[in-house]
Amino acid sequence: MTTELPKTYEPTAAQTRWISEWESRGYCNADPQPDRESHTIMIPLPNVTGALHMGHCLNGTVQDLLTRWRRMQGREALWMPGTDHAGIATQAVVERRMLEEEGLTRRDIGRDALVERIWKWKDEYEVRILNQLKQIGASCDWRRVRFTLDDVCSKAVRRTFFKMFCDGYIFRGKRLVNWDTHLQTAVADDEVYTEDIDGHFWTFNYPVVDDAGQPTGRLIRFSTTRPETMLGDTAVCVHPTDERYTDLIGKNVQIPVNGRLIPIIADALLADKELGTGAVKVTPAHDPNDYACGLRNQLPMISVMNADGTINEEGGEFSGQDRLTAREAIVAKMDQLGHFEGVEDRKIPMKYSDRSKTPIEPFLSDQWFVKMDELAQSAMDAVSDGRVRIFPQRYSKTYMDWLGEKRDWCISRQLWWGHRIPIWSKKIVDGRQNAGADVQVVAEFRDEDGNVVQDGTVFHPSIPFRDQLAAVVVDGVESGDKLLLMCVADGCEELEKQLETDGFEQDPDVLDTWFSSALWPHATLGWPDREHNPPLQSGQQTADSGSDSRGNEVLDYFYPGSVLVTSRDIITLWVARMVLTGLYNMGDVPFKHVYIHPKILDGLGQTMSKSKGNGVDPLDLIDKYGTDAVRFTIASLCGETQDVRLPVGYECPHCEAITPQTAKHQKMAPRGGETPSITCKACGNDFQFPSPWFTPDEGAPVARIVSERFEFGRNFCNKLWNASRFAFMNLEGYASDALDDSELKTEDRWILSRLTTTAQQVTTMLERYQFDKATHTIRDFTWNEFCDWYVEMVKPRLKDEAARPVAQRVLVVVIDNLLKLLHPFAPFITEELWQKLNELAPVRGLQQQTEAADSVMIAAWPKLSTELIDDALEARFQRLQEIIVAVRNIRGQYKISPKEPLKLFMKCSPEVADQMQAVADQFDNLARTMLEAAGLDITPPAGAASFSLKDADGYVPLEGLVDNTAEKAKLQKQKQELETQIEGSEKKLASPNFVDKAPEHVVEAFRKTLTERKAQLESVTRMIEELS
RNA sequence: GGACCUAUAGCUCAGUUGGCUAGAGCGCUACGUUGACAUCGUAGAGGUCACAGGUUCGAGCCCUGUUAGGUCCACCA
């Protein structure tokens, strides 16, 4: 009847089989089920820039674990998969590759062609990423895969932008960006690097003038590294308490090179009395600090540079010159006018564009912003009143601090890959002028009640204003110009065409990636469409897809989500913004819990990343150790306090020995044209390895990066496999009769008691996101209790016809529950074993016999009666274990073969003696020892090894073998320990301070252990005397 | 510069509102392949809880400071 399992678990076949089987059975799908509670997790959308790494693997493992667990608890569990277009990162990757391989820049091929290439890249990596997720066992609803640039998400982006525009949350403003004058583009902060270069530090002075603009004879001195910015100075700044200048505050100076008068202001944040002359020139349009100062003091911002790095018309006689040429000319002119004071050489930090390797210029440009005050406040309230709870709680501070700044959110990016900003603009001269054939411009907008909402707002007479179109007039870049800006809602293609016909141009910029990912929790569920369920991947149907008449049930049912699982570095960028947009669009938070998990570090404590050369591909590990082993290990490391340090090594392709990775390996780069290699210490052969700095030679043996840490999980899986294998080999004749309580033996009651406690604890730990604790609890139960004790104890019963049925039934019940408890952690091996168990024991249970589910994935999460927990029995069992260990120790001490039978005499109370007689067969079974006698009146046999426990003393007669001196020494040592402890306890109890101040139960506990120890000391002393 | 986190066995980490002799896995040592498992079993060695003060009857845990490391944010005329 039994088909035997192989000796070791073979993961690959099981994984392949069950990934497709689960999907085809639709177990991963989630659809609205009104009679059940939902459980929703939205994946932290991975970027399509590249393949997943260990950080994603940890993130995914945790989400899948929660999803599988909740599904087994009977929730309709949705895990929503998808990917992020990741604007800057993806465009940069594709552009870099294009430049390296074909020597082309984006300007060479144009916007449409570049975007097309990026789509191709996205398609390739999306497939790869989704496949990786499937390989780690992710039970996502694959019918619902979303991408931030797909139609559903794009619609949500357009709607949100439009809604915010109408509500006055979106505004146009100036902002300093990192400008690459070579590529003529803005560059993100993380694409900028700083290098110290040899530069100059010039000192000049500006003459102070009186109210009539005439020189007063006083000069104010300052230093700068960029004299050309003088053309754009709009103030000179001093510290408010700097006595050298206090009398000058409020006066003006004249810029000698262009004659402009600018004020002397006081600003404690910008000026530093200790630095230089204490006075600073302020150029808000060309320096980040000056910009901030300019905002604080409402200074004019004069941009003096063109996009190509030449000086613009604001520069007067210097206009048209390159900024560096102008710098020399301005120094010369200042010298000529007598305002040059000196120059010194100095190392100055210079920012460079990573892509063009040319210096970055801070450049003032028009950008779009989201006003954050009210929105940020709403998101803060959600956390402070507990609608959103963050685990571990300390991360709430990060969230609150950041939102508390309420800094406006710059949402425009000078890129081509992303959601195009839905604004069309046209220059007009007068706000009342006709802006186009059908677009009539009026000076003001009135709402339904006839109140003026915003001056300068316009509307289109034939279009319902708040439905499709909103507009605003702003000042153009050139003085005197007005710019008419039209914001168009989603789904108004006709209108867009008309605007273009009317001479409007769409804003070339795209939205910040985070603008779309902020909408992820509701956009993926189909918002803003309230009428229809969101579309599924082509060819897929929901169970009730014909129910559109009831509106968007998917959104109603799955929003708000249950928990967001993510890492701490995007609490601000992503988590906070999701809460904010969720409240804004949906009127409710996007999730109730946020679980912040640890980050994966390498053996040196650095965060893991491909670019550092310390990354690990989860598929390498899965290939080597199996998915379950990887998941189980990761979960075991996933606690509340620390990041996960994961030392990695290179696995020798010749002999599989692992060479630990060091900092040296991470930095190894080709020298003299030769690809670096490592010599294996085990077999002496050379191998190459993956690295960000080079590609291994074709055909060369390449090591994969692995970590021995995962043997923890692999060994555990093997243990579980073999314990089950043993049980399955002994299930012949299994019958599913109800178990009568009286049929259960001590070990049965014990393991059921322990199983119940374990199931309770694991459930509680999962509720608290304590994955490390949950993992260790299950492992300890499985290995140290079930395998080491229970399985060993039932072995004789399984060979005994009469005793077998009850033992089989209990064994089946324990394995049944164990597989269920373990399934969220190790889905594949538990499913393999479950199927096997279903063949051998399809109906199982204690009092109630039930037919097992077709798959452990859809089985009910264990819920055992607390009546099974028996503390007194567990305590008795512990004594049994201690005696067996003590006898084994005696064997070890005297090097007696495990095969040699021994005898045991126990001196103890009659009550304890009875308990011991009841389990006497286990002394024989587990220690090959016959319990000869037990009781108060036993006579210690001569020539015996002995041991003393809390409430019993044991004697093992060893004719001629016993070393009395050693026995005495052993007991003496124990005696001494007891005496030390007793002394300590007595001292404590003698102190009135302790007895008075410590809580009653603590004092009581001390008294109790003191009594016990004194009794044991008496035994040990007596035993020593007996030996003499 | 600000905020947060970390420091416990050779390595990677647990350690609950302070309470009796600080735990686990790996590694190490000795012994062991009788039918679940050598990816195993039995037993063992191994800790000045980073350092210095303080609070307390009592501190790995609380407070202050120091040192080292990490992360995020800001800043660097």
Side-chain angles (χ1 to χ4, degrees), chain A residues 4-5 7-9 194 201 222-226 229 237 269-272 275-277 279-283 287-290 292-293 348-349 392 394-395 397-398 401-402 405 568-572 599 601 603-607 625 629 633 636-637 639-647 660 707-709 711-730 772-773 776 779-780 783-784 787-788 791-792 795 885 888-889 891-893 895 897-899 927 977-978 980-981 984-985 988 991-999 1001-1003 1005-1006 1008-1010 1013:
Chain A
E4 229 176 85
L5 296 172
K7 260 189 149 181
T8 47
Y9 168 57
T194 308
F201 195 60
F222 61 89
S223 300
T224 180
T225 58
R226 294 188 299 159
T229 59
C237 175
L269 291 174
L270 185 66
D272 185 333
L275 280 178
T277 62
V280 195
K281 69 188 211 54
V282 187
T283 324
D287 180 277
N289 295 309
D290 293 6
C293 173
I348 46 177
R394 72 186 121 97
Y395 289 114
K397 190 170 159 51
T398 310
D401 286 354
W402 186 80
E405 290 179 25
R568 80 179 92 90
D569 36 15
I570 48 176
I571 291 173
T572 54
K599 297 180 67 169
L601 311 178
L604 307 167
Q606 321 171 76
T607 50
Y625 303 102
T633 306
S636 80
L637 297 170
E640 297 176 79
T641 49
Q642 300 219 40
D643 285 336
V644 176
R645 201 179 277 226
L646 198 67
S707 175
E708 284 171 303
R709 187 65 31 93
E711 288 174 13
F712 174 79
R714 184 197 55 186
N715 295 354
F716 175 74
C717 287
N718 194 59
K719 189 71 181 175
L720 174 74
W721 182 260
N722 275 293
S724 307
R725 179 168 171 261
F726 168 79
F728 297 168
M729 280 165 30
N730 286 284
D772 56 339
K773 287 197 180 90
H776 285 111
R779 184 191 184 276
D780 288 349
W783 203 311
N784 304 341
C787 293
D788 289 353
V791 169
E792 291 305 322
K795 275 180 180 174
V885 168
R888 284 174 181 165
N889 267 322
R891 278 190 196 277
Q893 187 187 345
K895 307 226 185 300
S897 152
K899 293 170 197 164
E977 278 168 15
L978 283 165
T980 315
Q981 288 158 14
S985 300
K988 257 196 152 164
S991 150
N993 265 334
F994 174 68
V995 179
D996 295 347
K997 292 185 183 169
H1001 72 273
V1002 172
V1003 178
F1006 266 86
K1008 193 171 160 237
T1009 48
L1010 180 61
R1013 277 180 184 150

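In what follows, chains carry the letters A, B, and so on, assigned in the order in which the sequence lines appear, proteins first and then strands, with residues in each chain numbered from 1.
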Residues two or more places apart in sequence or in another chain: which of them pass salt bridge (charged side-chain N to carboxylate O under 4.0 Å, His left out) with [X]?
X: Lys997(A); answer: none
X: Asp401(A); answer: Lys397(A)
X: Lys719(A); answer: none

Quick one: side-chain contact (heavy atoms from CB on, under 4.5 Å) partners of [X], sequence neighbours excluded?
X: Asn889(A); answer: Val885(A)
X: Arg645(A); answer: none
X: Asp287(A); answer: Arg226(A), Asn289(A), Asp290(A)
X: Leu601(A); answer: Thr607(A), Asp643(A)

Under the ring-ring contact (aromatic ring centres under 6.0 Å, His included) test, residues paired with Trp721(A) that sit two or more places apart: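 Scan of Trp721(A) (ring-ring contact (aromatic ring centres under 6.0 Å, His included), adjacent residues dropped) gives Tyr9(A).
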Phe994(A): partners by ring-ring contact (aromatic ring centres under 6.0 Å, His included), with sequence neighbours left out: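 So Phe994(A) forms a ring-ring contact (aromatic ring centres under 6.0 Å, His included) with Phe1006(A).
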Short side-chain N/O contact from Lys997(A) to OP1 or OP2 of U56(B), under 4.0 Å: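 Checking Lys997(A) against U56(B): no side-chain N or O falls below 4.0 Å of OP1 or OP2.
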Footprint string (nucleotides 40-48 of chain B, 5' to 3'): B base within contact, S backbone only, - free, heavy atoms under 4.0 Å: SSSSS----
Base-contact (B) and sugar-phosphate-only (S) positions in nucleotides 28-34 of chain B, heavy-atom cut-off under 4.0 Å, - elsewhere: -------
Please determine whether any donor N or O and acceptor N or O are separated by less than 3.5 Å between the side chain of [X] and the base of [N].
X: Glu977(A); N: U21(B); result: no
X: Ser985(A); N: C20(B); result: no
X: Lys795(A); N: A36(B); result: yes

Pairing string, 5' to 3', for RNA chain B - Watson-Crick or wobble contacts under 3.5 Å, brackets [ ] where pairs cross, | to another strand: (((((((..((((.....[...)))).(((((.......))))).....(((((..]....))))))))))))....
